[in-house]
Amino acid sequence: MKKTVLIIEDNKTQLEMLKKLVLEVNAEAVVYTASEVNVAYQIMMEKNVDAFLVDIILDVTKPGDTSGIKIVEKIRTIPQYMFAPVIFITSLEDTTRYTYTDLNCLGYVEKPFAPESVKQLVKRALYFSTEKETEKDAVHCFRKEGILYPIKIKNIVYIESINHVVNIYLSEGGALTIPYRPCKQLLDDINASVLIQCSRNAIVNKDYILNIDLANRYIALKDRPTLIEIGITYKRKILAEYVNGY
C-alpha cells in the first residue's frame, strides 16, 4: 500500500521543494498538493492521506493569518485523521506549544527550512508513526454531482464499470453509482490493498471472495450469486494473490 502525503503550501516554489523532499524519502509515495484551503479539504475527503505537511500561513495578504492551523483543527475532527502525522511549516515562533499539545503535531520546521530536517520528519511520519486506523476501517469518499459519499472500504464488495458508469456494490445491499472512471484510477485513489482489479472493468474486495476458478476465469463471491470475470491479462496477478492466501 503506497504512502500518501498532502502538502498544503501557498508558495509554489516551496511546495515543489517539499514535494521533492518527500519523494527523496519515499520515491513511491503519492504526493497531493494544495495551495488553497478548499482544495485541501476536497483532497483530504476524496483521498486517504497518511501524512500532512501544512504551512501555517496560507494567505500572506491577511495580517496574523493562521489558516493552516484551522485546517489541522478540521483534520482532527475527521475520525480517520484523528492521529494522522502532521508537520507544520512555519515562520512563527509562538505557535509551537499549541501545535504540539492541542493539535498533536509530529513536529515543525521553520522557514527557511533545512532540507534534511524536513526529510527526517517526513521519514518519521511515513515509517515510524502510529497508523491512523486499520485499512479496513478507512473511509473513501466518492464524488457524484458535487456530493461526497463516504463509504467504508470494508463495506465494498466489488466495483464494476459498465455502460459508462461505475457501480460500487456494498455489503449491506444496494449500490452507489458514480460517473465513469477507469478501474486503475479508482484503485490508485482508494489505495487499499484489500481491493484487487480482476479485469479491465471490475475490482473485487478479497475479503468477499468465496473461490476462484482460474480454468474458467471467474471469481465467486460469498453469499452472492454474481460471478466476476477474470480478464486474460489479469489471470497471473489473481493467481499470485490466491497463492498468497486469498
Side-chain angles (χ1 to χ4, degrees), residues 1-4 6 26 28-32 42-50 78-81 131-246:
M1 185 173 179
K2 292 182 179 179
K3 294 290 186 177
T4 56
L6 172 57
N26 184 333
E28 295 185 353
V30 178
V31 182
Y32 304 111
Q42 181 176 330
I43 292 172
M44 74 176 70
M45 294 306 297
E46 293 185 349
K47 315 293 183 182
N48 292 314
V49 179
D50 291 304
I78 302 171
Q80 72 188 84
Y81 298 134
E131 291 294 329
K132 59 181 180 291
E133 60 179 333
T134 63
E135 177 185 298
K136 293 175 185 178
D137 289 331
V139 173
H140 183 78
C141 291
F142 296 92
R143 176 179 288 272
K144 180 180 180 181
E145 297 175 354
I147 300 174
L148 294 176
Y149 293 85
I151 303 292
K152 285 189 175 182
I153 292 171
K154 68 179 181 181
N155 291 338
I156 298 173
V157 180
Y158 69 101
I159 300 172
E160 187 176 40
S161 174
I162 188 169
N163 295 330
H164 306 294
V165 297
V166 173
N167 294 309
I168 302 159
Y169 294 91
L170 306 174
S171 59
E172 61 265 32
L176 172 66
T177 299
I178 63 173
Y180 173 79
R181 293 171 66 197
C183 283
K184 185 180 183 306
Q185 186 180 29
L186 281 169
L187 272 181
D188 289 344
D189 285 348
I190 300 172
N191 192 25
S193 60
V194 75
L195 299 179
I196 184 170
Q197 186 171 356
C198 56
S199 72
R200 183 179 179 183
N201 300 315
I203 298 168
V204 173
N205 187 326
K206 291 180 280 189
D207 286 344
Y208 291 94
I209 292 177
L210 177 64
N211 59 61
I212 300 171
D213 187 334
L214 290 172
N216 295 302
R217 293 194 293 109
Y218 70 78
I219 294 173
L221 301 175
K222 298 174 183 178
D223 302 320
R224 287 181 181 248
T226 308
L227 297 178
I228 309 297
E229 181 184 5
I230 300 173
I232 294 175
T233 59
Y234 294 86
K235 185 175 178 179
R236 185 184 298 274
K237 183 175 183 180
I238 295 294
L239 177 60
E241 293 287 341
Y242 182 68
V243 169
N244 287 330
Y246 291 102

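Just the heavy atoms: all of them, side chains too, but no hydrogens, waters or symmetry mates, feed the values below.
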(message) Contact between Thr233 and Arg200 at the side-chain level, heavy atoms closer than 4.5 Å - yes or no?
(response) no
If you look only at distance, which donor and acceptor atoms sit under 3.5 Å apart when one is on a side chain in residues 157-172 and the other is two or more places apart or in another chain?
residue	atom	partner	partner atom	Å
Asn167	OD1	Thr177	OG1	2.7
Ser171	OG	Asn155	OD1	3.4

(message) Can you tell me how far apart CZ (Arg224) and CG (Leu210) are? Round to the nearest 0.5 Å.
(response) 13.0 Å
(request) Output, in order, the C-alpha distance, side-chain angles, deciding distance and verdict of side chain to side chain contact (heavy atoms under 4.5 Å, CB included) for Ile151 and His140. (result) CA-CA 5 Å; Ile151 303 292; His140 183 78; 5.8 Å; no
(message) Taking ring pair (Phe, Tyr, Trp, His ring centres under 6.0 Å) as the cut-off, I'd like each qualifying pair that reaches into residues 189-216, sequence neighbours left out, listed once.
(response) none
(request) Please name all residues satisfying salt bridge (charged side-chain N to carboxylate O under 4.0 Å, His left out) with Asp188, sequence neighbours left out, ordered by chain then number. (result) Lys184
(request) Show your working on side chain to side chain contact (heavy atoms under 4.5 Å, CB included) between Ile156 and Val194 and close with a plain yes or no. (result) CA-CA 10 Å; Ile156 298 173; Val194 75; over 6 Å; no
(message) According to side chain to side chain donor-acceptor pair (under 3.5 Å), does anything in residues 141-151 pair up with another residue at least two apart or in another chain? List the pairs.
(response) Glu46-Arg143
(message) Please report the interatomic distance CG(Asn26) to CG(Asp50), rounded to the nearest 0.5 Å.
(response) 10.0 Å
(request) Could you pull out all residues at least two apart from Leu187 that satisfy side-chain contact (heavy atoms from CB on, under 4.5 Å)? (result) Leu195, Gln197, Ile203
(request) Find out whether Gln80 and Asn48 are in side-chain contact, i.e. whether some heavy atom of one side chain is under 4.5 Å from a heavy atom of the other. (result) yes
(message) With a 3.5 Å distance limit and no angle check, can you tell me whether Arg217 reaches the backbone of Glu229 through a side-chain donor-acceptor pair?
(response) no
(message) Would you compute the distance between atom CD1 of Ile230 and atom CG of Asp213 and round it to the nearest 0.5 angstrom?
(response) 7.5 Å
(message) Using side-chain heavy atoms (C-beta onward) and a distance below 4.5 Å, is Ile209 in contact with Ile228?
(response) no
(message) Using the side-chain contact (heavy atoms from CB on, under 4.5 Å) criterion, which residues pair with Leu227? Sequence neighbours excluded.
(response) Tyr218, Ala220
